[in-house]
Peer 1: 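This structure is in structure tokens; I'll ask about it shortly.
None of these values were measured; they are calculated from a predicted model. Naming convention: chains lettered A, B, ... in sequence-line order (proteins, then strands); numbering from 1 in each chain.
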Amino acid sequence: MDIKVAGPPASAEEMAAVDELLGPAQSGWQGGTQSPRDQRVAFGGRSARSQRHLLLPALHAIQDRIGWISEGALGYLCARLTIPPADAYGVASGYALLSLEPRPPLTVHVCDDIACLGSGAERLGRELEQRLGPEGKPARPSSGSATWLRGPCLGLCDRAPAALVQQAGVPSRRFETGLAPVSSDEIVALVEGRLSRLEGPQSIPQAGDPGLRLLRRIGVVDPEDLDSYRAAGGYSALRRAFELEPDGVIREVTDSKLLGRGGAAFPTGRKWEAVAKSTVRPRYLVCNADESEPGTFKDRVVMEADPFAVVEAMTIAGYAAGCEKGYLYVRGEYPLARRRIEHAIRQATDRGLLGLDILGRGVSFDIEVRRGGGAYICGEETALFNSIEGKRGEPRNKPPFPVQSGLFGKPTLVNNVETLINILDIVVDGGRAFAATGTADSTGTRLFCLSGAVRRPGLYEVPMGTTLRQLIDLAGGFRGKLQALLLGGAAGNFVTEAQFDLPLTFEATRAAGVTLGSGVVMAFDESVDLQAIVLRIARFFRDESCGQCVPCRVGTVRQEEALIRLVSGRVIGSRERETALLADVNQAMRDASICGLGQTAGSAVESAIRLGLFQPNGGSRR
Amino acid sequence: MSTVLSRATARMVPLQIDGDELQVPEGSTILQACRGRGLDTPTLCYLETLTPVNVCRVCVVEVEGSRVLVPACSRKVEPGMKVKTDSERVRHSRRMVLEFLASSVDLSLTGPAVKGWMDQYGVQPERYGPAAATQAGERDRAHAGHHHPPDPSHAATVRQPVKIDNELYVRDYSKCILCFKCVEACGADAQNTFAITVAGRGFDARISTEFAVGLPQSACVYCGNCIGVCPTGALMFKSEYDMRQAATWDESRQQVTSTICGYCGVGCTLDLHVQDNTIVKVTSPLDHDVTRGHLCIKGRFGFQFVQNREPDSGRPRNPRP
Ligand SMILES: Cc1cc2nc3c(=O)[nH]c(=O)nc-3n(C[C@H](O)[C@H](O)[C@H](O)COP(=O)(O)O)c2cc1C
Ligand code: SF4
Ligand code: FES
């Protein structure tokens with residue numbers, strides 16, 4: 001493949017950013033300095049092209065150093081990795097956190113998604129407009145060094161409103177951090193260079209309760225110390241797994257009847273077995289930590305506060321399913337989770353718990369962390385594979401399923417973070433003991449992300465089968481008078497008081513036509529403008545659609561337009577005609593879209609209309 | 001050739017389409033099975049010579065046991081499959097896909113088959129409001145994950161100025177349905193040049209070069225294979241575009257003459273489209289085993305020498321007097 005890189009040359013600093021990741025260029029062909037040797041040595045072929053998977057890390061490297069990606073920088077990167085510039089541009093332009101236009105080095109991403117919108121994000125945005133100027137432009141008091149942007153959910157919903165700060169620069173100067181709850185005073189201070197503060201406290205009311213399965217180590221174990229994890233029983237599961245051997249581990253997982261916690265509720269044991277049985281090599285394990293469903297923050301809390309558990313669980317999964325390599329794909333908006341996981345991987349590798357010969361058992365397994373670029377769709381498993389491979393984050397058609405042909409076209413086991421950490425107790429206590437908790441068809445416990453108008457928002461663990469009412473009581477009940485509750489996330493449904501005795505299980509929610517989704521329980525009191533919330537959900541799907549298939553690409557646009565017409569009263573024809581149109585759009589998105597994003601893009605909207613939450617002047621009772 | 005071979009040796013797979021039992025060779029798609037029975041199945045993003053991308057979703061059918069509809073163009077038949085091609089759900093999704101496209105894209109030059117399907121499925125693009133206009137360059141600069149609040153009294157469209165940046169072909173992306181065919185033809189399915197890609201996401205997704213630079217600055221080699229596969233007229237010979245602008249383009253006055261390209265030894269078949277004794281464009285047949293419809297810049301655009309005239313007599317100029 002000939003790579004034509006025209007355009008302006010990269011600056012020295014841009015080249016340094018790429019070289020920081022890839023090492024210096026070996027020849028003039030790779031964008032380095034020309035030497036006579038270049039004329040005699042071939043640099044191309046398969047080995048050059050096989051670096052495509054480094055594209056997203058290299059794009060991040062430039063963004064981190066410079067604050068945006070110029071034509072010259074992209075060209076240099078393409079020469080280094082033998083990627084056509086158009087392809088690289090196509091990939092980069094699909095990620096919200098990457099900028100292809102000049103942007104100041106300090107960017108404050110201010111969440112205006114549903115949880116924050118219910119907690120003052122709108123006012124925060126207006127204040128920032130007044131004090132810093134319009135979003136996306138250089139902030140007024142910063143002399144061109146800072147800007148702010150509105151953006152989707154940052155997974156800090158328990159402490160809304162939230163912001164993510166990214167300072168680009170050389171390694172010693174750059175930083176990334178979440179801020180929540182955040183005020184305009186703090187953001188202005190930051191922009192003026194007067195503030196540096198770390199993330200706020202975690203909000204895990206049950207933290208460290210020894211009776212819990214998933215949260216018992218949280219707040220007890222030092223997330224940066226392997227010994228502390230071991231003292232709390234860490235790595236006994238891996239030892240037990242080695243005793244059970246792969247078949248034994250898979251038997252326990254199957255007996256546990258564990259269902260995936262990432263949204264699709266697929267039996268975990270079946271997936272593991274399918275990958276383990278495959279004769280193809282290599283095989284891969286992927287831990288899906290992309291968590292971008294608005295209102296969800298469970299995987300973040302686990303990774304930040306109990307990272308060794310994730311690493312140990314991945315090691316067991318890799319061992320049982322016979323995968324030689326694991327990838328953990330963490331969303332780009334989670335800097336602390338990423339640092340903690342990377343640190344845990346390093347410590348585990350240093351102590352022989354990862355690498356070539358784990359615990360002297362002749363088993364080898366490695367984990368590589370990959371960082372998302374701001375794209376909800378990359379949580380869809382096949383879009384996630386494409387993202388790791390350096391392609392556009394577009395879902396693939398299924399079949400073939402990941403267990404047959406996944407990452408790099410090889411059999412791949414993909415599981416959510418919460419699914420994986422359940423494995424630890426399953427291996428130690430046995431699958432049957434695990435299945436004793438919960439109901440017959442929904443075993444174990446489940447993490448729920450409570451936010452909005454409850455007294456104690458945060459992450460909760462309850463046995464499957466707990467009712468919504470019990471869960472809300474655990475969080476201290478509602479703050480103010482409840483207007484509606486969103487269950488399962490933006491891809492979930494609104495529910496009202498009549499459904500509060502619904503047991504939270506896969507089977508009961510399915511029968512009721514709702515979903516547990518990613519465990520979101522978001523409460524809105526009467527002070528919240530519910531129409532604005534529903535509109536924000538519609539905007540979210542319009543922004544996050546990958547654009548590949550027509551029903552979702554255009555359907556999400558038509559849905560948002562019709563909702564705005566309903567709110568503004570500028571209907572075409574009549575209100576009835578508009579709701580019929582919305583139903584038509586929703587049905588086509590659900591039936592004909594390629595992936596779950598399009599298929600669920602109308603479900604929360606549909607439930608809001610059905611429950612009468614989206615009335616002409618209802619909702620805006622402020 | 002491989003299909004002929006496999007047909008002879010392939011096992012037959014039994015399935016049901018609209019209640020009728022039939023057998024088709026293993027490895028066939030539902031679309032092939034449907035077309036084999038003469039069932040008119042609409043397709044937009046599908047082309048025999050390219051890898052199916054199954055993105056337009058106009059070909060969807062209902063398969064028993066599947067929660068969602070499946071794309072006929074890419075889904076392989078399985079033994080015992082029960083397919084419905086004309087159920088209420090199928091008709092609804094086909095109608096909506098066509099409605100979504102017709103309300104957001106200029107389909108005026110998309111072939112007559114599409115107009116037929118639009119009538120057949122009762123498409124009403126007007127019900128989303130009058131078409132909205134787009135400002136120059138706006139779509140090229142759209143940042144992923146951000147969009148301006150829409151004007152709800154108008155239906156958003158992909159309308160934008162025509163891109164004319166070279167002498168050989170124009171790009172009118174107001175007509176683009178994002179079928180991915182041009183990207184595939186420019187890339188691994190034919191030309192391996194990779195000058196264009198899909199950029200951006202959601203409704204802002206668009207066909208683009210890197211940083212939307214003009215074709216002369218891009219890796220484009222002007223093979224014109226993207227024009228060859230474009231089903232909507234978004235990509236068009238400059239000669240055709242100019243004649244359409246001047247209202248002189250008239251297909252009823254055109255003749256097609258097949259010949260063999262004389263530039264090299266490969267021997268590609270050229271179809272010369274001639275109007276008023278002037279070549280106005282060159283294509284190659286899709287089902288031709290040498291070209292599969294694809295050409296290079298010489299065969300596709302290098303025809304001007306045939307028709308250079310003497311300035312005074314207007315007769316063809318003899319290259320070797
Ligand atoms: C649009 C979309 C976004 C998704 N995001 C996530 C995610 O952030 N995390 C996750 O674990 N699964 C996500 N999923 C589900 C995954 O595709 C996949 O089912 C899951 O990772 C499988 O793991 P599990 O079996 O452990 O649940 C998403 C699916 C869709 C359609
Ligand atoms: S449903 Fe939406 S997100 Fe999924 S493939 Fe289609 S366009 Fe992309
Ligand atoms: S023709 Fe099948 S999806 Fe487009």
Peer 1: Taking all atoms of both residues into account, what is the closest heavy-atom pair of A:Ile69 and B:Phe211, and its distance?
Peer 2: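 Smallest heavy-atom distance, with atoms named: O-CZ, 3.6 Å.
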Peer 1: Are B:Met96 and A:Pro551 side-chain neighbours, meaning at least one heavy-atom pair lies under 4.5 Å?
Peer 2: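 Counting from C-beta outward, B:Met96 and A:Pro551 never come under 4.5 Å.
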Peer 1: Please identify, among A:Gly94, A:Ala6, A:Pro152, the residue contributing the most non-hydrogen atom pairs under 4.5 Å to chain B.
Peer 2: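 The candidate making the most pairs under 4.5 Å is A:Gly94.
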Peer 1: Which residue out of B:Ser66, B:Gly145, B:Gly202, B:Ser153 racks up the most heavy-atom pairs below 4.5 Å with chain A?
Peer 2: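 Of the candidates given, the most pairs with chain A belong to B:Gly202.
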Peer 1: For chain B, which candidate among A:Arg396, A:Arg539, A:Met589 shows the most heavy-atom pairs at distances under 4.5 Å?
Peer 2: A:Arg539
Peer 1: Does any heavy atom of chain A fall under 4.5 Å from the side chain of B:Pro149, the backbone, both, or neither of them?
Peer 2: neither
Peer 1: Please look at A:Arg565 and chain B and tell me whether the side chain, the backbone, both or neither of the residue comes under 4.5 angstrom of a heavy atom of that chain.
Peer 2: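 Both parts, backbone and side chain.
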Peer 1: Of the options A:Gln548, A:Glu544, A:Glu394, which is the one that meets B:Arg201 in a side chain to side chain donor-acceptor pair (under 3.5 Å)?
Peer 2: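 It is A:Glu544; the other options fail the test.
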Peer 1: Indicate yes or no: at least one non-hydrogen side-chain atom of B:His143 is less than 4.5 angstrom from one of A:Arg103.
Peer 2: yes
Peer 1: May I ask you to name which of A:Arg542, A:Arg590, A:Glu578 has the most heavy-atom pairs under 4.5 Å with chain B?
Peer 2: A:Arg542
Peer 1: How close do B:Ala144 and A:Ser93 get, heavy atom to heavy atom, and via which atoms?
Peer 2: CB-O, 3.3 Å
Peer 1: Pick one of side chain, backbone, both or neither for B:Pro216, based on which atoms fall under 4.5 Å of a heavy atom in chain A.
Peer 2: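 Just its backbone gets close to chain A.
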Peer 1: Going by atom types only, do B:Ser93 and A:Asp591 share a side-chain donor-acceptor pair under 3.5 Å?
Peer 2: no
Peer 1: Among the options A:Ile564, A:Asn397, A:Leu100, A:Ile572, pick out the one with the most heavy-atom pairs lying under 4.5 Å from chain B.
Peer 2: A:Asn397
Peer 1: Going by atom types alone, do B:His147 and A:Glu560 pair a side-chain donor with an acceptor below 3.5 Å?
Peer 2: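 Distance-only check passes for B:His147 and A:Glu560.
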Peer 1: Write down the atom of B:Ala195, the atom of A:Ala86, and the distance for their closest heavy-atom approach.
Peer 2: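 Where B:Ala195 meets A:Ala86 most closely, the heavy atoms are O-CB, 3.3 Å.
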Peer 1: Relative to chain B, which segment of A:Ala375 carries a heavy atom at a distance below 4.5 Å: side chain, backbone, both, or neither?
Peer 2: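 Looking at A:Ala375, backbone and side chain both touch chain B.
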Peer 1: Picking from B:Val183, B:Asn54, B:Val53, which has the most non-hydrogen pairs under 4.5 angstrom with chain A?
Peer 2: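 Heavy-atom pairs under 4.5 Å are most numerous for B:Asn54.
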Peer 1: Are side-chain heavy atoms of B:Arg127 and A:Arg577 found at a separation under 4.5 Å?
Peer 2: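 SC-SC contact between B:Arg127 and A:Arg577 confirmed.
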Peer 1: Less than 4.5 Å to any heavy atom of chain A: does that hold for the side chain of B:Arg94, its backbone, both, or neither?
Peer 2: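 For B:Arg94, there is no contact with chain A at all, as no heavy atom is under 4.5 Å.
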Peer 1: Is A:Leu74 close to chain B through its backbone or its side chain, or both, or neither, when contacts mean heavy atoms under 4.5 Å?
Peer 2: side chain
Peer 1: I'd like to verify something: which residue of B:Ala199, B:Ser208, B:Ser218 has the highest number of heavy-atom pairs under 4.5 Å with chain A?
Peer 2: B:Ala199
Peer 1: Would you mind telling me which of B:Cys45, B:Ala156, B:Ser104, B:Pro71 has the largest number of heavy-atom pairs within less than 4.5 Å of chain A?
Peer 2: B:Ala156
Peer 1: Calculate, to the nearest 0.5 Å, the distance between atoms CZ and CD belonging to B:Arg141 and A:Glu101 respectively.
Peer 2: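 If I round to the nearest 0.5 Å, the distance is 6.5 Å.
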Peer 1: Please check if any side-chain donor atom of B:Ser103 sits under 3.5 Å from a side-chain acceptor atom of A:Arg558, or the reverse.
Peer 2: yes
Peer 1: With a 4.5 Å cut-off on heavy-atom pairs, point out which of B:Val60, B:Val198, B:Thr209, B:Asp204 contacts chain A the most.
Peer 2: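 That would be B:Val198.
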Peer 1: Under 4.5 Å from any heavy atom of chain B, what part of A:Val585 do you find: side chain, backbone, both or neither?
Peer 2: both
Peer 1: Where do B:Asp151 and A:Arg570 land on the side-chain contact (heavy atoms from CB on, under 4.5 Å) test, with the steps shown first?
Peer 2: CA-CA 11 Å; B:Asp151 158 17; A:Arg570 289 151 70 191; 3.8 Å; yes
Peer 1: Where do A:Lys398 and B:Arg75 come nearest, in terms of heavy atoms and distance?
Peer 2: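 Looking at all heavy atoms of both residues, the closest pair is O-NH2, 3.8 Å.
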Peer 1: Determine the option with the most heavy-atom pairs under 4.5 angstrom with chain B, choosing from A:Pro399, A:Gly573, A:Ser568.
Peer 2: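 Sorted descending by pairs with chain B, the first entry is A:Pro399.
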Peer 1: For residues A:Leu581 and B:Tyr128, determine if any side-chain heavy atom of one lies less than 4.5 Å from a side-chain heavy atom of the other.
Peer 2: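 In contact.
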Peer 1: With a 4.5 angstrom heavy-atom cut-off, is it the side chain or the backbone of B:Leu44 that approaches chain A, or both, or neither?
Peer 2: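 Neither the backbone nor the side chain of B:Leu44 comes within 4.5 Å of chain A.
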Peer 1: Using every non-hydrogen atom in the two residues, find where A:Tyr89 and B:Asp140 come nearest and quote the distance to one decimal.
Peer 2: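 For A:Tyr89 versus B:Asp140, the nearest heavy atoms are OH-O, 3.9 Å.
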Peer 1: Considering only heavy atoms, which portion of A:Arg553 lies under 4.5 Å from any heavy atom of chain B: side chain, backbone, both, or neither?
Peer 2: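 A:Arg553 touches chain B through backbone and side-chain heavy atoms alike.
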Peer 1: Given side-chain contact (heavy atoms from CB on, under 4.5 Å), test A:Ile594 with B:Arg57 step by step and report yes or no.
Peer 2: CA-CA 8 Å; A:Ile594 293 182; B:Arg57 315 305 276 184; 3.3 Å; yes
Peer 1: Heavy-atom distance under 4.5 Å to chain B: side chain of A:Gln599, backbone, both or neither?
Peer 2: side chain
Peer 1: Please classify the contact of B:His154 with chain A as side chain, backbone, both or neither, using a heavy-atom distance under 4.5 Å.
Peer 2: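 For B:His154, the backbone is the part near chain A, not the side chain.
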Peer 1: Is B:Val70 in contact with chain A via its backbone, its side chain, both, or neither, using a 4.5 Å heavy-atom distance?
Peer 2: neither
